[in-house]
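Worksheet: one structure, shown below.
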Amino acid sequence: MRTATLGPAERAESLAGMAERELDILVVGAGVVGAGTALDAVTRGLSTGLVEARDWASGTSSRSSKLIHGGLRYLEMLDFALVREALKERGLLLERLAPHLVKPVPFLYPLQHKGWERWYAGSGVALYDAMSMARGHGRGLPLHRHLTRNRALRVAPALKKDALVGALQYYDAQMDDARFVANLVRTAAAYGAKVANRARVTGFIREGERVVGARVRDLEGGGEYEVRAKQVVNATGVWTDDTQGLVGERGQFHVRASKGIHLVVPKDRINSSTGLILRTEKSVLFVIPWGRHWIIGTTDTDWDLDKAHPAASSADIDYLLEHVNSVLSVPLTRDDVEGVYAGLRPLLAGESDATSKLSREHTVAHPVPGLVVVAGGKYTTYRVMAKDAVDEAVHGLDQRVAECVTEETPLVGAEGYQALWNARARIAARTGLHVVRVEHLLNRYGSLAEELLDLIAEDASLGEPLPAAEDYLRAEIVYAASHEGARHLDDVLTRRTRISIETFDRGTRSAREAAELMAPVLGWDKDQIEREVEHYEKRVEAERESQRQPDDLTADAARLGAPEIAAS
């Protein structure tokens, strides 16, 4: 399979191609579900378009806990079907679809009561493992184990001795959510889908009752396109109701937004060789290993303010610090926090007033002819949601369509990954890069790492680390713009890399050099470089200011103080 390059020329060709002739399927929204839907449709042989108003995964799908998991807590709610489905998907991603992007991660669950809690929690985790193995996709992860308090403290010395009487350790999986979506989009494009970010749907085209396409504005070039399609899929997550409003149909369900925030702290602030999962009065709290960092999250609160830029308040940050410090022998302070990010979960409303109890199930509807809506669900089960959305769309196509094949379709970078991983020492010797750098590239790009190594072979300076963000090579910044569809500095520092949350300066010290590396690829002049850097710095300052505010309203107002990105 050829790999798709998503540079400026390819984007322009995709937009023009979508407007040229009627598509079978047009997908609106390139979060994980929209990108997955485009991949599902195109691999069934359907002509497919995908448009996104901002950047791939710029909403919910870049701001999650970055876990691929079965949903252990849903067992307690007796939602066995959801857990079974998610465990199957976890196994497929680990073993077949994206082994370069999805990795095992251990979690320690401290027990606080003798006797009954070990039996109760142990039974749940044992069932979790058994359900995973029963689906035939659990072999990639170790089974859970019971630990005494002393053994648990050796695994996680950061815990207070009186915070536990023993522990359970089990495994789930994790990924970089935004990178995963970018790979989904590239895979869809490699199979022939036409894809464009910074392309906003401004309205739907109707003939009578039927939706027959969408009007799309190119936010970069400024053009307007009429994209005709036999079926349009609305996969816009927390924007579902807004998108439905463009067609004058609210639909049969309502999507509510729940805000979750996460903190990022350096690895040395918590002395542990394992992640942690803790109970709170409302939900659970994760402490998740993340390279040279920890991710701590999450909150779960109703949100009805700005959807594009949800803001973390001072109260949110205090909530997480208070809960994690209840079990740490050396408490964390505000000064330990490198990064903060907030995301919105799209929850199906109607079951409960509390967002933590709203459904994580998904639903698919066909509210008017020609328009399918898919909403709800969770990141792990994106492939199932995509399949259901395309199955529903196929009912409106007057043709025979193949069954879903995404269970057998690896993402770009997966094929050959294991062979290259085995040869990483040889690759390091050949390229002059340290083996740790090669491992970093392989775990972010899989076999596509060869494309970055080609860039470095042509220009040795691209093999140098980016100043003030030394986990990343300069080549990765160029590649994000030339191959991964990054259109702006914010796309690269926030989603193609994680510099915006992994450095205490939030990426401001790297911003200018990153912009200068992107400029030749995207055709920026000096004025555009200045605009990109200034926009990024204002965005960071607005986020910092929002995080000093006491509540959602004041935090939201502070975050909206930064302007939207200017087109290049």
Side-chain angles (χ1 to χ4, degrees), residues 65 67 69-87 90 104-135 138 141-173 260 270-289 294 296-300 319-331 351-352 354-361 378 380:
S65 296
L67 293 176
H69 64 115
L72 183 59
R73 69 192 179 104
Y74 298 115
L75 280 182
E76 197 168 30
M77 302 174 188
L78 304 182
D79 198 341
F80 299 114
L82 180 61
V83 176
R84 189 180 299 112
E85 179 179 81
L87 286 172
R90 184 190 73 176
V105 60
F107 285 103
L108 191 77
Y109 175 66
L111 300 170
Q112 297 178 314
H113 306 278
K114 291 187 175 179
W116 69 268
E117 190 183 17
R118 185 178 290 280
W119 175 85
Y120 179 75
S123 298
V125 177
L127 179 58
Y128 194 64
D129 281 348
M131 289 172 73
S132 174
M133 297 295 286
R135 300 294 293 189
L141 295 177
L143 297 175
H144 76 283
R145 56 181 185 150
H146 286 259
L147 303 178
T148 63
R149 178 163 67 177
N150 286 341
R151 179 66 181 139
L153 290 170
R154 284 199 292 275
V155 173
L159 293 173
K160 292 178 182 174
K161 289 184 180 177
D162 61 359
L164 70 165
V165 297
L168 297 169
Q169 189 174 46
Y170 74 98
Y171 279 77
D172 256 320
I270 300 174
N271 183 10
S272 178
S273 62
T274 179
L276 305 172
I277 177 172
L278 313 168
R279 274 191 180 277
T280 70
E281 65 276 12
K282 295 179 182 176
S283 183
V284 294
L285 185 76
F286 287 102
V287 179
I288 305 162
W294 298 98
I296 301 167
T298 180
T299 58
D300 196 346
Y319 172 88
L320 289 181
L321 289 175
E322 177 188 343
H323 279 80
V324 75
N325 284 339
S326 69
V327 299
L328 296 180
S329 56
V330 179
E351 289 84 354
S352 166
T355 59
S356 60
K357 294 179 182 174
L358 288 175
S359 177
R360 297 313 302 273
E361 301 278 0
K378 56 202 288 283
T380 304

Spacing of [atom1] belonging to [X] relative to [atom2] belonging to [Y], to within rounding of 0.5 Å:
X	Y	atom1	atom2	value
I296	L321	CD1	CG	7.0 Å
L143	Y171	CG	OH	10.5 Å
Y170	L141	OH	CG	11.5 Å
L164	E117	CG	CD	10.0 Å

Least distance between heavy atoms, [X] atom then [Y] atom:
X	Y	value
A121	L111	CB-CD2, 4.1 Å
P110	A163	CB-O, 4.3 Å
T299	Y319	CG2-CD2, 3.7 Å
L108	A167	CD1-CB, 3.7 Å

For A86, enumerate each residue passing the side-chain contact (heavy atoms from CB on, under 4.5 Å) test, keeping only those at least two apart in sequence or located in another chain.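 side-chain contact (heavy atoms from CB on, under 4.5 Å) check on A86 returns K378, T380, T381.
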[X]: partners by side-chain hydrogen bond (donor to acceptor under 3.5 Å, both in side chains), with sequence neighbours left out:
X	value
H146	R118
E322	none
S65	H262
Y128	D172

Begin from the C-alpha positions of L168 and L147 and carry the test side chain to side chain contact (heavy atoms under 4.5 Å, CB included) through to its verdict. CA-CA 6 Å; L168 297 169; L147 303 178; over 6 Å; no
Looking at residues at least two apart in the chain, or sitting in another chain, which of them share a ring pair (Phe, Tyr, Trp, His ring centres under 6.0 Å) with W116?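 Checked W116 against ring pair (Phe, Tyr, Trp, His ring centres under 6.0 Å); matches are H113.
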Non-neighbouring partners of F286 that pass ring pair (Phe, Tyr, Trp, His ring centres under 6.0 Å), sequence neighbours left out: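 Once residues adjacent in sequence are excluded, the partners of F286 under the ring pair (Phe, Tyr, Trp, His ring centres under 6.0 Å) criterion are F107.
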Would you indicate whether the side-chain heavy atoms of H144 and Y109 approach each other to under 4.5 Å?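 A side-chain contact under 4.5 Å is absent here.
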Answer yes or no: is there a side-chain heavy-atom contact under 4.5 Å between V287 and V324?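 In short, these two side chains touch, coming nearer than 4.5 Å.
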Quick check against the 3.5 Å criterion: does S132 have a side-chain atom that pairs as donor or acceptor with the backbone of L87?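 Judged by distance alone, no pair lies under 3.5 Å.
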Donor-acceptor list for residues 271-278 side chains, cut-off 3.5 Å, not counting sequence neighbours:
| from | atom 1 | to | atom 2 | distance (Å) |
| --- | --- | --- | --- | --- |
| S272 | OG | T274 | N | 3.1 |
| S272 | OG | T274 | O | 2.7 |
| S273 | OG | V155 | O | 2.9 |
| T274 | OG1 | P106 | O | 3.3 |
| T274 | OG1 | Q169 | NE2 | 3.1 |

Pairwise salt bridge (charged side-chain N to carboxylate O under 4.0 Å, His left out) hits with a residue in residues 141-169, at least two apart: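 For residues 141-169: none.
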